[in-house]
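Chain letters run A, B, ... following the sequence lines, proteins first, then strands; residues in each count from 1. Heavy atoms only: backbone and side chains are in, while hydrogens, waters and symmetry mates are out. These numbers come from a predicted model, not from an experiment.
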Amino acid sequence: MPEGLEAEIWRSAAEPLVGRRIDRVEFDARVADPRLVDFEGEWIQGIRRHGKVLIVDTSGSAIGLRFGMTGRLVIDGAAAIDRLEYASGADRPDWDRIRVWTSPVPGPAAVAMRMNDPRRLGRIEVDPDLSLLGPDVLGISIDELDEALGGRRTGLKAALMNQQVVAGLGNLCVDEVLFAAGLAPNAAVASLSADDVRGLHRAMRDRLGVMLRRGGSTQGVLDPARRSRLGRCPARGCQGYLRSEKIGGRTTVWCNTHQVGGGAGGTRSPASRGVVPNASARVAD
DNA sequence: CGGCATGTTTCGCC
DNA sequence: AGGCGAAACATGCC
């Protein structure tokens, strides 16, 4: 599940922890910093997020949670997101990578916060280094986006997946944003016009906003079912077909009819193909 | 059984 | 030098 949207959902869910005292910490040393034992007795002072990283600020130092592919957060016994697309629906105790008990004890749920991660690609860090992360995708301005992309010689999808460029986009959200913006994943960043960047920014803001309200990265037009089924392109007015191929090392679902720009096709802009540049307003879902 | 998976990092090859 | 693809990590699921 975890892209920036999921981390944001968990950030909200974790807010009730603020003001509590950490009584006990248990963790899996294979994926967690051993210094986490030192947090017993500290107070939780705030919950933040940058990109895909959730940060718990305490009276000591900060705890950073990275969820990998299959990690999820459970607060006071409730999972804010219960369906994990590429992880088991199960919630086995031996998949817990950190457990935090607090006081006051919140009702019948003994564990106040835990990360459950079957595949164990997630990490729990002390004082996470956020210095290499680009601006957060949920608050980025057009100028920041333009600046972040400036000088990049990679394909557009590869650039957006790079957390040093923009922090928080994962495979599903990048495909969704590019689909909505009408931009090809293999478009050369250098070929983007100012209008393309504006459309990209708008697609990020609008599409991700909708998906966040609906529950995360799986709630877009290119949801997991459509990603496997493919078929006709669901963009309004588009006569193309969805395709799935490896781009930037990841499975990429897109439509080469209305998503254009850069790449082998040259530097055509979406508008030049007779398609409204900002497809985010045109997607019927 | 083979292949694939919402992520990150490393390594070798242009 | 910098970009890219493949592999590794680790495990579950279809």
Side-chain angles (χ1 to χ4, degrees), chain A residues 1-10 28-32 49-54 64-73 79-97 115-125 128-130 132-134 137 149-179 185-191 207-208 211-212 214-230 244-253 262-264:
Chain A
M1 291 227 117
E3 297 190 25
L5 294 185
E6 281 69 32
E8 174 59 20
I9 290 169
W10 288 324
D28 182 338
R30 292 173 297 184
V31 297
R49 178 195 60 81
H50 191 97
K52 303 173 185 176
V53 186
L54 188 70
L65 293 90
R66 301 179 193 262
F67 297 94
M69 293 274 273
T70 55
R72 64 170 168 175
L73 198 66
I81 304 169
D82 34 46
R83 202 174 82 96
L84 284 82
E85 196 61 36
Y86 293 122
S88 162
D91 181 8
R92 285 168 32 184
D94 57 311
W95 291 342
D96 279 349
R97 304 307 169 197
M115 188 174 97
N116 187 264
D117 178 18
R119 209 167 138 184
R120 218 199 301 152
L121 292 175
R123 294 290 181 272
I124 303 117
E125 303 165 341
D129 179 12
L130 309 177
L132 295 180
L133 295 178
V137 67
L149 291 173
R152 296 275 157 187
R153 287 156 208 259
T154 64
L156 182 53
K157 174 163 179 168
L160 294 175
M161 289 284 288
N162 182 345
Q163 301 299 297
Q164 297 187 40
V165 176
V166 177
L169 287 172
N171 200 38
L172 266 47
C173 285
V174 164
D175 283 2
E176 183 80 14
V177 164
L178 292 176
F179 180 90
N186 55 5
V189 170
S191 75
R207 275 277 96 203
L208 297 182
M211 293 163 79
L212 179 60
R214 288 184 183 170
S217 341
T218 61
Q219 305 303 306
V221 176
L222 304 180
D223 61 27
R226 177 118 51 194
R227 290 179 72 87
S228 58
R229 189 188 331 117
L230 301 179
S244 178
E245 56 193 307
K246 291 271 186 229
I247 296 178
R250 305 297 300 276
T251 297
T252 301
V253 172

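With P as the reference atom, B/dG3 and C/dA6 are 15 Å apart, rounded to whole Å.
For A/A32, the side-chain contact (heavy atoms from CB on, under 4.5 Å) partners are A/F27, A/L36, A/I124, not counting sequence neighbours. Residues passing the side-chain hydrogen bond (donor to acceptor under 3.5 Å, both in side chains) test with A/R49, sequence neighbours excluded: A/E8, A/D136. Residues satisfying the side-chain hydrogen bond (donor to acceptor under 3.5 Å, both in side chains) criterion with A/E245, sequence neighbours excluded, are A/W254. Here A/R92 pairs with A/D94 under the side-chain hydrogen bond (donor to acceptor under 3.5 Å, both in side chains) rule; sequence neighbours left out. Applying the side-chain contact (heavy atoms from CB on, under 4.5 Å) rule to A/D223 yields the partners A/A225, A/R226; only residues at least two apart in sequence or on another chain are considered. In this structure A/K157 satisfies the side-chain contact (heavy atoms from CB on, under 4.5 Å) test together with A/M161, A/N171, A/V174, A/D175, A/L178, A/P185, A/R250, A/T252, sequence neighbours excluded. Taking the side-chain contact (heavy atoms from CB on, under 4.5 Å) definition, one finds that A/L133 meets it with A/H50, A/V53, A/L130, A/Q163, A/A167, sequence neighbours left out. A/S244 pairs by the side-chain hydrogen bond (donor to acceptor under 3.5 Å, both in side chains) definition with nothing, not counting sequence neighbours.
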Quick test: give all pairs of protein nitrogen or oxygen and nucleotides 2-5 of chain C nitrogen or oxygen below 3.5 Å, distance rounded to 0.1 Å.
residue	atom	partner	partner atom	Å
C/dC4	OP1	A/G155	N	3.3

Close N/O contacts between protein and nucleotides 8-12 of chain B (under 3.5 Å):
residue	atom	partner	partner atom	Å
B/dT8	OP2	A/K52	NZ	3.0

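A straight line from CG of A/L160 to P of B/dG7 spans 13 Å, rounded to a whole angstrom. Look at CG on A/N116: it is 14 Å from C1' on C/dA10, rounded to the nearest Å. Put simply, CG on A/L5 is 11 Å from P on B/dG7, counting in whole angstrom units. Whole-Å rounding puts the A/D175 CG to B/dA5 P distance at 11 Å. Residue A/N171 contributes atom CG, which lies 10 Å from atom C1' of B/dG7 at whole-angstrom precision.
Closest approach of A/G170 and A/E3 over heavy atoms only: N-OE1, 2.9 Å. Of all heavy-atom pairs between A/V189 and A/A159, the closest is CG2-CB, 3.8 Å.
Residue A/T70 places none of its side-chain N or O atoms closer than 4.0 Å to OP1 or OP2 of B/dG7. For C/dA10, the OP1/OP2 oxygens have no side-chain nitrogen or oxygen of A/W95 closer than 4.0 Å.
Every stem involving DNA chain B, taken as at least 3 paired positions in a row under the Watson-Crick or G-U wobble test at 3.5 Å, is listed here: B:2-5 with C:11-14, B:7-14 with C:2-9.
In this structure, A/K52 NZ and A/L5 CG are separated by 10.5 Å, a value rounded to the nearest 0.5 Å.
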